[in-house]
Number of protein chains: 2
Amino acid sequence: MDAVETQKTADFLKALGEFNRLSLVYNLCQCESSQNAMCLCDCCSVDASVVSRHLKTLAERGIVTFEKVGREKTYRLNREEVASQLRELADLIENRDCKRGCHDD
Amino acid sequence: MDAVETQKTADFLKALGEFNRLSLVYNLCQCESSQNAMCLCDCCSVDASVVSRHLKTLAERGIVTFEKVGREKTYRLNREEVASQLRELADLIENRDCKRGCHDD
DNA sequence: GAAATAATTGCATAAATGTGCAAGTATGCA
DNA sequence: TGCATACTTGCACATTTATGCAATTATTTC
């Protein structure tokens, strides 16, 4: 496993691994349409600036996508991409064929 | 989504979302048998005490399991459990049926 | 143009986190 | 009994991170 790839995966998981960010993801998960940031504020009891920063983090990791509509910015969850990244990791972890030079017998 | 459950999931993802810990997981992933901590040290260029702490974190989140054999402690990856937690999250994220009172039309 | 709304950014701050080193504990072995 | 090995723990430290508030930018509306 390449170090760059490992770091990328770690960053992706770290982005999801924070309470308020995961709450935002869950919230977006329950919406069919894009939601603006103010609407998303409702799900966390933090300042709007904090939500703004968390959404930026999620966007940087490809977890959400945004679109600017007038003065609003609407976000949607990248369902397929996130799900497939998680499944890829799950498959890797379950796969016993990728053995290397461990201290196995 | 219950806050306690959300926090648990976030903690799980955060445990995986750190470079050295993820490296340890990948390393264990490639081993059929349990590996002791010293062997696992090889995969990260950090002090043994750091590896010890990371393994403790992973164990606390149920990602690895350990067994004490003499003065050694051997670790194995909880493949099925970790994989199924990741898949559960993937399913949740892809599932559009769980809509709530968003600002959807 | 002025006021209102949506969102971002700068700054300060507190807390969490990762790390190394040195010392400590526990076990095995000669 | 004494020494080596395997691991953990205490401490210090630097960095990152999450947060709130105030100010700023951008856009809409009156």
Side-chain angles (χ1 to χ4, degrees), chain A residues 3 6-28 31 33-61 63-76 102-103, chain B residues 3 6-28 31 33-61 63-76 102-103:
Chain A
T6 302
Q7 186 66 65
K8 257 191 200 167
T9 306
D11 288 342
F12 168 75
L13 294 167
K14 186 181 286 182
L16 288 174
E18 198 273 334
F19 183 81
N20 286 320
R21 278 195 300 269
L22 190 58
S23 301
L24 286 166
V25 168
Y26 282 156
N27 201 282
L28 278 169
C31 307
S33 63
S34 296
Q35 302 291 307
N36 66 44
M38 283 306 105
C39 155
L40 291 167
C41 278
D42 299 346
C43 83
C44 342
S45 49
V46 289
D47 195 76
S49 66
V50 173
V51 171
S52 171
R53 277 186 263 251
H54 280 321
L55 287 169
K56 192 184 172 202
T57 302
L58 292 172
E60 278 168 359
R61 303 298 168 214
I63 295 163
V64 301
T65 309
F66 59 85
E67 203 177 346
K68 198 142 198 272
V69 180
R71 68 185 156 193
E72 292 185 5
K73 217 163 166 183
T74 66
Y75 292 85
R76 66 172 189 78
C102 299
H103 295 207
Chain B
T6 303
Q7 185 65 65
K8 256 191 200 167
T9 305
D11 288 342
F12 168 74
L13 294 167
K14 187 180 285 182
L16 288 173
E18 199 273 334
F19 183 80
N20 285 321
R21 278 197 299 270
L22 190 57
S23 301
L24 286 166
V25 168
Y26 282 154
N27 201 282
L28 278 167
C31 306
S33 63
S34 297
Q35 302 291 307
N36 66 44
M38 283 306 104
C39 155
L40 291 167
C41 279
D42 299 345
C43 82
C44 341
S45 50
V46 288
D47 195 76
S49 65
V50 174
V51 172
S52 172
R53 277 185 265 250
H54 281 321
L55 287 169
K56 193 185 171 199
T57 302
L58 292 172
E60 278 168 358
R61 304 296 169 215
I63 295 164
V64 301
T65 310
F66 60 86
E67 203 178 347
K68 199 145 200 276
V69 180
R71 68 187 155 188
E72 293 185 5
K73 217 162 165 182
T74 67
Y75 292 85
R76 66 172 188 79
C102 298
H103 297 208

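Numbers restart at 1 for each chain; the letters A, B, ... are given by sequence-line order, proteins then strands. Quick caveat: nothing in here was measured; it's all calculated off a predicted structure.
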- Which atom names give the shortest non-hydrogen contact between B:Val64 and B:Leu55, and what distance separates them? CG2-O, 3.9 Å
- Query: Hey, does the side chain of B:Asn36 come within less than 4.0 Å of D:dT5's phosphate (OP1/OP2), counting only N and O?
  - Reply: no
- Would you find a donor on one side and an acceptor on the other, under 3.5 Å apart, between the side chain of B:Arg21 and the backbone of B:Ala15? yes
- Spatial distance of atom NZ (A:Lys14) from atom NZ (B:Lys14) [nearest 0.5 Å]: 9.5 Å
- Item | Pairwise 5' ranking along DNA chain D for A:His54 and A:Gly70, keeping only the more 5' one | A:His54
- At what distance, to the nearest 0.5 angstrom, does CG of B:Leu16 lie from CG of B:Leu24? 11.0 Å
- Task: Please state how far atom NZ in A:Lys68 lies from atom C1' in D:dT25, giving the value in whole angstrom units.
- Result: 9 Å
- Message: Output the rounded distance in Å from CZ (B:Phe19) to P (D:dT17).
- Response: 15 Å
- Message: Could you check whether any side-chain heavy atom of A:Val50 comes within less than 4.5 Å of a side-chain heavy atom of A:His54, counting everything from C-beta outward?
- Response: yes
- Note on the structure: When rounded to whole Å, the CZ to C1' distance for the pair A:Arg21 and D:dA18 reads 9 Å
- Item | A:Leu28 versus A:Arg76, closest heavy-atom pair with distance | CD2-CA, 4.3 Å
- Got a donor-acceptor contact below 3.5 angstrom from the A:Ser23 side chain to the A:Phe19 backbone? yes
- Would you give the length of the straight line joining atom CD of A:Glu72 to atom CD of A:Gln35, rounded to the nearest 0.5 angstrom? 10.5 Å
- Message: What is the separation between atom CG on B:Asp47 and atom C1' on D:dT8, rounded to the nearest whole Å?
- Response: 11 Å
- Using a cut-off of 4.0 Å on non-hydrogen atoms, how would the nucleic acid contact of A:Tyr75 be classed: base, sugar-phosphate, or nothing? sugar-phosphate
- Item | d(CG, B:Leu40; P, D:dC7) in whole Å | 9 Å
- Message: Expected output is a numbered-order residue list: members of residues 7-15 of chain A with a heavy atom under 4.0 Å from any atom of DNA chain C. What is it?
- Response: none
- Message: Rounded at 0.5 Å granularity, tell me how far NZ in B:Lys8 sits from CG in B:Leu13.
- Response: 14.0 Å
- Message: Could you write out DNA chain C as dot-bracket? Rules: Watson-Crick or G-U wobble, both distances under 3.5 Å, brackets [ ] for crossings, | for pairs with another strand, dot for unpaired.
- Response: ||||||||||||||||||||||||||||||
- Message: Contact between B:Phe66 and B:Lys68 at the side-chain level, heavy atoms closer than 4.5 Å - yes or no?
- Response: no
- Query: More 5' along DNA chain D: A:Ser49 or B:Arg71, using each one's nearest nucleotide?
  - Reply: B:Arg71
- Query: Rounded to the nearest 0.5 Å, how far apart are CG of B:Leu22 and CG of B:Asn27?
  - Reply: 11.0 Å
- Message: Both A:Glu72 and A:Arg53 contact DNA chain C. Which one's nearest nucleotide lies toward the 5' end?
- Response: A:Glu72
- Item | DNA chain C: 5'-most and 3'-most nucleotides touching chain A, 4.0 angstrom heavy-atom criterion | C:dA4 to C:dC11
